[in-house]
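What follows is a set of notes on a single structure, which appears directly below.
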Amino acid sequence: MLLHTIKEVREQVKEWKKQGLTVGLVPTMGALHNGHKSLIEKSVDKCDKTVVSVFVNPIQFCPGEDLDKYPRTLEEDNKLCDEIGADIVFAPTPAEMYGEGHILSNDFLTYVIPPYFYTDKLCGKSRVGHFDGVCTVVNKLFNIVQPDFAFFGKKDMQQLIILKKMVHDLNIPLEIIPCPIVREQSGLALSSRNKYLSDKGKVDALALSKLLFNIKACYNKGVNDIKALSETAYSFLNENHELEYLEFRDKDTLEEKKFADDNTVVFIAARVENVRLIDNIELN
């Protein structure tokens with residue numbers, strides 16, 4: 001069932017709730033791939049009813065980013081959701097989400113602002129305001145759908161940690177279900193932005209996952225010195241990779257690690273063919 005308005009979604013969910021049914025929400029920006037598919041499948045398996053939102057959220061894009069060219073494939077996305085067993089695909093317009101004549105600035109629009117400690121690092125360091133936009137739209141989706149469970153992939157690990165913090169701090173009555181990263185057979189983490197890469201670019205992009213797997217292998221052999229682990233990673237990079245960061249952070253608090261341990265996540269962001277890619281790996 002493809003719905004475009006908040007009123008339609010609320011009316012349908014209200015009927016489900018009257019019947020005592022559990023509701024799962026999978027927030028997406030569309031251009032669905034097998035990573036999204038795995039989230040939807042988990043929701044369908046765990047919940048009585050599943051809502052998938054498809055919304056390219058303008059307030060989480062920073063100046064100069066790919067808002068205008070971000071892939072929009074609603075017809076294909078709706079078909080995939082139907083095949084998997086999702087009950088609603090909610091595809092609102094920006095005007096539906098933020099109001100007619102909307103001015104998408106926190107000078108005029110109420111934003112949900114996560115703690116600076118969680119956003120001044122990793123992706124938030126170069127994408128100032130990005131997580132404000134993410135938290136605002138996800139909070140709105142939570143209010144619209146009122147799900148019992150919400151499903152998010154671990155590929156966007158910083159986002160996952162921030163959203164869990166938001167749910168805890170704002171006493172939102174739902175459970176976030178973290179879901180594993182889905183990779184191509186080659187090891188490349190699935191992303192809607194992989195569509196921007198040439199065949200050669202996809203080969204170059206494999207360096208990200210290879211170096212992460214190598215770091216974990218070295219850690220499993222007893223190496224916990226972060227400088228040593230980082231140096232093994234740099235050997236996988238060349239002039240085709242524009243490294244933004246490679247960092248070792250706590251998987252609950254995002255605090256920087258002095259030594260790697262089982263609570264460590266290794267985060268990486270790099271550009272390949274000017275496409276910004278992110279990946280991570282948990283060391284436990």
Side-chain angles (χ1 to χ4, degrees), residues 27 29 57 59-67 106 111-139 150 152-170 176 178-181 189 191-193 205 207-209 211-216 218-219 223-234 236-237 241-272 274-284:
M29 291 208 301
N57 177 36
I59 67 171
Q60 70 186 69
F61 286 78
C62 299
E65 292 190 339
D66 57 343
L67 173 61
N106 58 11
Y111 274 60
V112 177
I113 311 297
Y116 185 67
F117 178 82
Y118 286 75
T119 64
D120 70 339
K121 51 186 64 70
L122 303 172
C123 288
K125 193 171 183 179
S126 63
R127 305 184 73 192
V128 177
H130 166 71
F131 289 113
D132 299 353
V134 170
C135 286
T136 300
V137 75
V138 170
N139 191 59
F152 294 90
K154 289 185 176 182
K155 188 176 82 71
D156 295 301
M157 181 68 85
Q158 184 179 15
Q159 170 182 280
L160 174 62
I161 292 168
I162 288 171
L163 291 175
K164 287 170 70 176
K165 174 73 171 165
M166 179 185 78
V167 165
H168 175 270
D169 288 354
L170 300 185
I176 287 184
C179 301
I181 296 173
S191 169
S192 299
R193 290 185 170 96
L208 277 68
S209 57
L211 71 82
L212 291 174
F213 292 140
N214 185 68
I215 286 174
K216 184 164 184 173
C218 292
Y219 174 74
V223 180
N224 68 351
D225 181 78
I226 286 175
K227 183 178 179 182
L229 291 170
S230 298
E231 287 174 353
T232 69
Y234 296 141
F236 288 84
L237 304 175
H241 306 100
E242 183 184 339
L243 181 66
E244 183 178 319
Y245 62 72
L246 175 68
E247 297 189 21
F248 295 69
R249 298 275 175 177
D250 186 274
K251 70 178 182 180
D252 298 315
T253 66
L254 289 176
E255 289 183 89
E256 190 171 8
K257 288 289 190 179
K258 295 181 179 179
F259 295 95
D261 58 24
D262 285 352
N263 217 47
T264 299
V265 181
V266 187
F267 293 86
I268 188 170
R271 288 186 179 274
V272 175
N274 206 35
V275 179
R276 188 177 185 276
L277 303 173
I278 62 172
D279 203 346
N280 68 78
I281 198 164
E282 298 172 84
L283 295 187
N284 64 340

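Computed from a prediction, not measured in an experiment: that's the story for all the values here.
Side-chain atoms of Lys165 and Pro115, non-hydrogen and from C-beta on, do get closer than 4.5 Å to each other. Taking the side chain as every heavy atom from C-beta outward, Asp261 and Asp250 never approach each other to under 4.5 Å.
Every residue two or more places apart in sequence or in another chain that forms a salt bridge (charged side-chain N to carboxylate O under 4.0 Å, His left out) with Asp66 is listed here: Arg193.
Shortest non-hydrogen contact noted between Ala260 and Ile226 is N-CG1, 3.8 Å. Smallest separation of non-hydrogen atoms from Lys154 and Glu282: NZ-OE2, 3.1 Å. Across all their heavy atoms, Cys135 and Ile162 have their closest contact at SG-CG2, 3.5 Å. Closest non-hydrogen pair, Leu237 versus Ala207, comes out as CD2-CB, 4.3 Å. Taking all atoms of both residues into account, the shortest heavy-atom contact from Tyr111 to Ile113 is CB-CD1, 3.6 Å. For the residue pair Ala233 and Ile215, the shortest heavy atom distance occurs at CB-CD1, 3.9 Å.
Proximity of a side-chain donor or acceptor of Asn280 to a complementary backbone N or O of Lys155 within less than 3.5 Å is detected. Between the side chain of Lys125 and the backbone N or O of Thr119 there is no donor-acceptor pair closer than 3.5 Å. For the pair Gln158 (side chain) and Tyr118 (backbone), a donor-acceptor distance under 3.5 Å is present. For the pair Asn263 (side chain) and Asp252 (backbone), a donor-acceptor distance under 3.5 Å is absent.
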### Task
Using the side-chain contact (heavy atoms from CB on, under 4.5 Å) rule, take Phe131 and Cys123 through it: C-alpha gap first, then chi angles, then the decisive distance, then the call.
CA-CA 9 Å; Phe131 289 113; Cys123 288; 4.2 Å; yes
### Task
Apply side-chain contact (heavy atoms from CB on, under 4.5 Å) to Arg271 and His241, showing your working.
CA-CA 6 Å; Arg271 288 186 179 274; His241 306 100; over 6 Å; no
### Query
Can you list the steps and then say if Tyr245 with Leu122 is a side-chain contact (heavy atoms from CB on, under 4.5 Å)?
CA-CA 7 Å; Tyr245 62 72; Leu122 303 172; 3.6 Å; yes
### Task
Under the side-chain contact (heavy atoms from CB on, under 4.5 Å) rule, what do Ile181 and Ile281 come out as? Steps first, then yes or no, please.
CA-CA 9 Å; Ile181 296 173; Ile281 198 164; over 6 Å; no
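Residues Asn139 and Thr136 bring no donor and acceptor atom of their side chains to less than 3.5 Å of each other.
Note that the CZ atom of Arg127 and the CD atom of Glu244 stand 9.0 Å from one another [nearest 0.5 Å]. The line from CG of Asp132 to SG of Cys62 is 9.0 Å long, rounded to the nearest 0.5 Å. Atom OH of Tyr234 sits about 9.5 Å away from atom CG of Leu211, to the nearest 0.5 Å. For the atom pair Thr264 OG1 and Leu283 CG, the distance stands at 5.5 Å (nearest 0.5 Å). If you take CG on Leu246 and CG on Leu229, they are separated by 9.5 Å, rounding to the nearest 0.5 Å. Between Leu254 atom CG and Ile161 atom CD1 the span is 4.0 Å, to the nearest 0.5 Å.
For the side chain to side chain donor-acceptor pair (under 3.5 Å) with Tyr219, the qualifying choice from Asp262, Asn214, Asn224 is Asp262, the only one to do so. Exactly one of Glu256, Glu255, Lys251 qualifies for a side chain to side chain donor-acceptor pair (under 3.5 Å) with Thr253. That residue is Glu255.
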